[in-house]
Amino acid sequence: MNTISGAPVALVTGAGRGIGRGIALALAERGWMVAINYRTNHAAAQAALDDVHAASGQGFLVRADIGNLDDHAPLLTAVLEHAGRLDVLVNNAGIAPRVRADMLHVSPESYDEVLGTNLRGTFFLTQRAARVMLALLEQQKIAAPKIITITSISAGTASPNRAEYCLSKAGLAMATALWAARLAEFGIAVYEIRPGIIETDMTASVHETYDRMIAGGLLPIARWGRPEDVGQAVAAIAAGAFPYSTGDVFYVDGGFHVSRL
Ligand code: NAP
């Protein structure tokens with residue numbers, strides 16, 4: 001018997017601020033129950049949940065450090081206890097290097113911190129979430145689950161002043177391909193979204209630089225990206241708009257990736 005009922009559930013990591021908050025809101029506006037994960041900033045996460053409620057959406061907060069593998073099981077247990085199912089995992093949580101250092105001087109500490117959160121943490125959370133999804137599929141509590149990872153144009157664009165970030169995002173691009181290949185037989189689709197230059201806290205320190213570059217013609221669509229631009233893309237994928245696709249890369253970058261002459 002098919003026991004699927006109630007609103008589908010999406011876990012969005014790093015959803016208190018920035019892009020993750022935009023994703024959580026976009027999903028909540030479309031009827032998803034959103035688990036808003038945050039690491040330290042409870043006030044921001046509460047404000048994100050307030051936004052969800054203001055949009056007549058449903059959600060709840062779950063604290064966990066994605067870079068700490070010990071937090072993963074309690075995170076997923078909390079989602080299941082609260083919502084009873086997990087239909088979509090959105091791997092959004094990520095960090096930039098504390099200092100944009102020339103790769104000739106990148107420290108092992110910065111390398112480990114960035115790779116540890118962005119790549120190692122996301123890989124093992126995905127592994128654990130995939131196992132949960134497989135069990136839920138078996139129990140017929142979900143249908144057509146999806147895993148969506150927010151990488152970056154840095155997955156394919158070399159910035160020698162943040163090599164560890166680029167490496168982490170390139171690794172996540174391959175992780176998406178790997179999970180897509182491994183999970184397709186079970187009906188779990190896996191996608192990558194590559195945002196470009198998005199206006200958030202992460203880019204606040206380089207705002208003027210990017211203002212100048214955008215004004216100088218860097219992007220075919222000559223404006224900053226917004227968290228809701230990424231949110232709309234996630235919502236379309238989560239809604240099942242691409243049933244015969246997996247492992248795909250969706251750019252949300254104002255056309256940055258288009259080679260021009
Ligand atoms: P942001 O403004 O710095 O916000 C990051 C969010 O992630 C915060 O809510 C933070 O939680 C959370 N977070 C960070 N580390 C975490 C961890 N270990 N565990 C759980 N949550 C964690 O960043 P953003 O610009 O929105 O970026 C979001 C994602 O998009 C990142 O993966 C980033 O690499 C990617 N991206 C960003 C851009 C851009 O231009 N902004 C472009 C391409 C890709 P707290 O609030 O609790 O600290």
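Every number for a ligand or one of its atoms is a count from 1 in the order of the listing.
The OG1 atom of Thr13 sits 8.5 Å away from the CD1 atom of Ile150 when rounded to the nearest 0.5 Å. Atom CD of residue Glu199 and atom CG of residue Asp229 lie 10.5 Å apart, to the nearest 0.5 angstrom. Going from atom CZ of Arg85 over to atom CD of Gln139 covers 12.5 Å, rounded to the nearest 0.5 Å. The structure places CE of Met213 at 7.5 Å from CZ of Phe256, a figure rounded to the nearest 0.5 Å.
Of the candidates Glu199, Glu113, Arg17, Arg39, the one placing a heavy atom closest to atom 16 (C) of ligand 1 is Arg39. Distances from atom 20 (C) of ligand 1 to the heavy atoms of Gly94, Ala64, Ala48 show the closest one on Ala64. Which of Trp224, Tyr210, Tyr38, Tyr165 comes nearest to atom 33 (C) of ligand 1 through a heavy atom is settled by distance: it is Tyr165. For atom 31 (C) of ligand 1, the nearest non-hydrogen atom from the set Asn92, Ile150, Val12 belongs to Asn92. Atom 41 (N) of ligand 1 has its nearest heavy-atom neighbour, among Ile66, Asp71, Thr200, in Thr200.
Residue Gly67 places a heavy atom under 4.0 Å from ligand 1. Residue Gly121 places every heavy atom at 4.0 Å or more from ligand 1. The shortest heavy-atom distance from Asp65 to ligand 1 is under 4.0 Å. Remark: distances from the non-hydrogen atoms of Ser154 to ligand 1 are all 4.0 Å or more. For Lys169, the heavy-atom gap to ligand 1 drops under 4.0 angstrom.
The nearest protein atom to atom 3 (O) of ligand 1, hydrogens excluded, is given as Met202 CB, 3.7 Å; this is a heavy-atom distance. For atom 40 (O) of ligand 1, the nearest non-hydrogen atom of the protein is Ile198 N, 2.9 Å. In this structure, the protein non-hydrogen atom closest to atom 42 (C) of ligand 1 is Gly196 O, 2.9 Å. Here the protein heavy atom with the shortest distance to atom 13 (N) of ligand 1 is Ala93 CB, 4.1 Å. Atom 30 (O) of ligand 1 has its closest protein heavy atom at Ile19 CD1, 3.5 Å. Nearest protein neighbour of atom 7 (O) of ligand 1, counting heavy atoms only, is Gly14 CA, 3.5 Å. Remark: minimum distance from atom 44 (C) of ligand 1 to any protein heavy atom is reached at Thr151 O, 3.0 Å.
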* To do: Under the side chain to side chain contact (heavy atoms under 4.5 Å, CB included) rule, what do Ile142 and Leu86 come out as? Steps first, then yes or no, please.
  => CA-CA 7 Å; Ile142 58 172; Leu86 175 64; 6.0 Å; no

* **Trace of the side chain to side chain contact (heavy atoms under 4.5 Å, CB included) decision for Arg63 with Leu61** => CA-CA 7 Å; Arg63 201 214 72 79; Leu61 304 182; over 6 Å; no

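Against a heavy-atom cut-off of under 4.0 Å, Thr117 is close to the following atoms of ligand 1: 18 (N). Within ligand 1, counting atoms from 1 as listed, the ones closer than 4.0 Å to a heavy atom of Asn37 are 20 (C), 21 (N). Ligand-side atoms of ligand 1 in range of Asn41: 45 (P), 46 (O), 47 (O), range being under 4.0 angstrom from any heavy atom. Against a heavy-atom cut-off of under 4.0 Å, Gly18 is close to the following atoms of ligand 1: 26 (O).
Glu192 pairs in a side-chain hydrogen bond (donor to acceptor under 3.5 Å, both in side chains) with only one of the listed residues (Thr149, Asn91, Thr151), which is Thr151.
Panel note: side chain Asn118, backbone Tyr165; no donor-acceptor pair is recorded below 3.5 Å. In this structure, the side chain of Asp211 does not engage the main chain of Thr209 through any donor-acceptor pair within 3.5 Å. No donor-acceptor distance shorter than 3.5 angstrom exists from the side chain of Asn92 to the backbone of Val12, with no hydrogens or angles considered.
The shortest N or O to N or O distance between Ile153 and ligand 1 is not under 3.5 Å. Residue Ala44 has no N or O atom closer than 3.5 Å to an N or O atom of ligand 1. Geometrically, ligand 1 and Thr203 share no nitrogen or oxygen pair separated by less than 3.5 Å.
Remark: Lys141 does not engage Glu138 in a salt bridge, criterion side-chain N to carboxylate O under 4.0 Å.
Residue contacts with ligand 1, taken as heavy atom pairs separated by less than 4.0 Å, involve Ile95 solely via side-chain atoms from C-beta onward. Counting heavy atoms under 4.0 Å from ligand 1, residue Asp201 touches it through both backbone and side chain.
Tyr210 and Trp224 have perpendicular rings, their planes meeting at more than 60° on a 0 to 90° scale where under 30° would count as parallel.
Annotation for Arg120: atom CZ does not count as buried by contact number, only 12 or fewer foreign heavy atoms lying within 6.0 Å. When the shell of 6.0 Å around CZ of Phe60 is examined, it contains more than 12 heavy atoms from other residues, nucleotides or ligands. In Arg98, the CZ atom is not crowded: 12 or fewer heavy atoms of neighbouring residues, nucleotides or ligands sit closer than 6.0 Å.
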